[in-house]
Amino acid sequence: MAEQKKPADNRSPQQPPSFEWRNIFIFLAIALVISSWLNLVSAPPSEKIPYTVFKEEVRRGNVAEVTMKGDTISGTFKNQIALDRLKDGGSSTSETARRFTTVLPPVDDKDLIPLLEQNGVIIKAQSEEVSWWLQLLIGMLPWLLLIWLFFYTSRKMQERMTGGNGGIFGIGKSKARLYSAEDPKVTFNDVAGLDYAKADLKDIIAFLKEPLLFRDIGAQVPKGVLMMGPPGTGKTLLARAAAGEAGVTYFSISGSEFVEMFVGVGAARVRDMFEKAKKAAPSMIFIDEIDAVGRSRGTGLGGGHDEREQTLNQILSQMDGFTPEESVVVIAATNRPDVLDPALLRPGRFDRKVVLQLPDREARGAILKVHAARIRSTSDLDWSGLAARTAGFSGADLKNLINEAALLAGRDGKKEVDREAVEQARDKIVLGAERKLLLTEEQKKTIAYHEAGHALVAWLLPHADPLEKITIIPHGVALGLTEQMPREEQYNLRESYLKERIAVMLGGRASEKLIYGETSSGAENDIKQATKLARKMISRWGMNRNLGAVDFSSEEDHVFLGQEIAHPKKFSDHTSEIIDEEVRRLIEGQGKLSTTLLTKNIDHLESLVNELLEHETLDRGSIEKILKEAKKIQEDELASGEEDA
Ligand code: ATP
């Protein structure tokens, strides 16, 4: 999510300001530097001369005064002396010196003082001791350094534990991000489609806007809303937009942020967050991934976890503790409603449920337009056409598509996102990134026959989804791809359509067998998908005459995640055998159908392969041109063919 998030200021007003050791340290360091600098600049520049030259000048009566400090003597000449006699090699120079310094030899020179006195030199002496404050400073410096280091490291450790909330006891502070009513607003205009969900949230928004009105009537407004839906369908966005519409403070936190390794921390954070929300009322709390803390207690699902249970208990008791005067609404989001604790869902808690589905064609078009408004694009882009070709995309996928297109356009040095960039971005997301593989001509030919087999069967079968693209350029893990795009949103799949889908899946293998007399390992994924679909048709959807409309499934699709969850099988081994046999029969029948269709249309198969080898990728228009002669088979012909199979 690209939204700007501002961390809540979690420092309570009573908390004393933190003692800034860093500032003291910096101050002392500056003082030390200034004092050394003053020492340097206050001494006038002097020339270093050998001890013998110094004594010579004293004897000549040219030294006015000397200052002795330790083994160093500095002083002034009465008349400036030429420096060239001091230099090695005696090179002549016009420089002269008035002030000098010299160093006493390590052996005691008893004649020096009498010599100076005889020549009338003023003698001064300076103590070697450093001034008291400088001594103090130098003595304290290592300690100050140590103290600073201690505070610095302990603060860093705290920040790591509390996520930067500061204060040594900040560990129990909530990490919720705060968006005040003054922050840049996200409103329902930023959320495309989802009209049903927006309507469900209308009365909550009305309550937050005018809580008194509802209270006066005696209405009990829901305290909690549970948003459920597949990832990326806009749950977070919708919650933020609802807060924006109501113009209230919005606290956003993820369920996983409550849970730390210390037991009790999560519960303390929940308390802290609810306290803050109550203070800021009317306000909204958004808890993303509520399943991280809200899983059924005591089932062992997700592992026994004291900390998680305590956190959940705290959320429940906080929600119960709302008084009618407190206008705080809690919105939680999850894509695993099946694992939530029933106590979360009972009336008075998250009793309002809003289900978000993947966007339909119209909503996809609207989402594309919302995000396209943020990029510079050419005017010929057809967003509704693209919406038709992005079935199954979530809002997040569509946003990603636009961003990917902008990145590709930028990479190619374009000033605007054009049709080509959008197409490339879509292909990258749907087909996977292009992969450079060194393939021989023969390998390319096998791939071309395989893909052309899928495509031709799909073209000939009346219920199969229309062809969108065929390519023999490797993408992701696939060596080639045949893309079909449904004409409309599919909510209910008919048996005839599903059977033809299996035939299309097996078309690649059938084509290889027809041309080469043998198959290759390239059909592995097709076989896997076809078997999965056939098993579902027979054991779950009652599409087999012998087994009838009885549920023989041993796994279930997750409602939002598109994953299968296994559960123990509740039928006999004998039934298992029948299912296996029926699956095999169905697949074999559809395989035969593919072979028959390809044999009858072998010329079209060859043309398609030749075009593929020449162009590597064929789009819808080119496919239609090549195959326009190949007639779709009639449904009655298909029915009799299936009977034969
Ligand atoms: P998750 O379950 O993974 O947390 P989510 O359902 O909370 O996902 P969001 O985070 O709200 O999804 O959406 C992801 C991105 O997709 C957002 O940045 C948003 O801009 C975009 N998006 C999703 N749905 C829509 C929509 N209906 N209109 C505009 N943008 C959308």
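Order of appearance sets the numbers: ligands from 1, and atoms from 1 within every ligand.
Side-chain contact annotation: Thr249 with Ser283, donor-acceptor N/O pair under 3.5 Å absent.
Here Glu245 does not pair with Lys198 in a salt bridge; the nearest charged N to carboxylate O distance is not below 4.0 Å. Remark: Glu483 does not engage Arg389 in a salt bridge, criterion side-chain N to carboxylate O under 4.0 Å. Salt bridge status for Lys436 with Glu434: present, with a side-chain N to carboxylate O gap under 4.0 Å. For the pair Glu275 and Lys279, the salt-bridge criterion is not met [side-chain N within less than 4.0 Å of a carboxylate O]. A salt bridge between Glu468 and Arg620 is present, with a side-chain N of the basic residue lying under 4.0 Å from a carboxylate O of the acidic one. Ion pairing of Lys469 with Asp427 is present here, as a side-chain N (NZ or NE/NH1/NH2) and a carboxylate O approach within less than 4.0 Å.
Each of the following atoms of ligand 1 lies closer than 4.0 Å to a heavy atom of Leu194: 27 (N). If you number the atoms of ligand 1 from 1 as listed, the ones under 4.0 Å from a heavy atom of Asp288 come out as 4 (O). Numbered from 1 in the order shown, with element, the atoms of ligand 1 that lie under 4.0 Å from a heavy atom of Val191 read 27 (N), 28 (N). Close approach of ligand 1 to Asn335 is summarised as follows: ligand atoms under 4.0 Å from at least one heavy atom of the residue are 2 (O). Listed by atom number, the atoms of ligand 1 under 4.0 Å from His371 heavy atoms are 20 (O), 21 (C), 29 (C), 30 (N), 31 (C).
Contacts with ligand 1 closer than 4.0 Å are made by heavy atoms of both the backbone and the side chain of Lys235. With a 4.0 Å heavy-atom cut-off, ligand 1 is reached by no atom of Leu398. Residue Ile367 touches ligand 1 through its side chain alone, judged by heavy-atom distances below 4.0 Å. Proximity of Glu289 to ligand 1, defined as any heavy-atom pair under 4.0 Å, is not found for any part of the residue. The part of Asp190 lying near ligand 1 is the backbone, judged by heavy-atom distances below 4.0 Å.
Atom OG1 of residue Thr482 and atom CD1 of residue Ile623 lie 8.0 Å apart, to the nearest 0.5 angstrom.
At under 3.5 Å, a nitrogen or oxygen of Leu237, whether backbone or side chain, sits near a nitrogen or oxygen of ligand 1. For a threshold of 3.5 Å applied to N or O pairs, the pair formed by Gly234 and ligand 1 contains at least one separation below that value.
Closest heavy-atom approach to atom 3 (O) of ligand 1 within the set Gly232, Ala192, Ala396: this belongs to Gly232.
Under a 4.0 Å heavy-atom criterion, Leu356 is not in contact with ligand 1.
For the side-chain contact (heavy atoms from CB on, under 4.5 Å) criterion with Ile285, the lone passing option out of Val329, Val328, Val270 is Val328.
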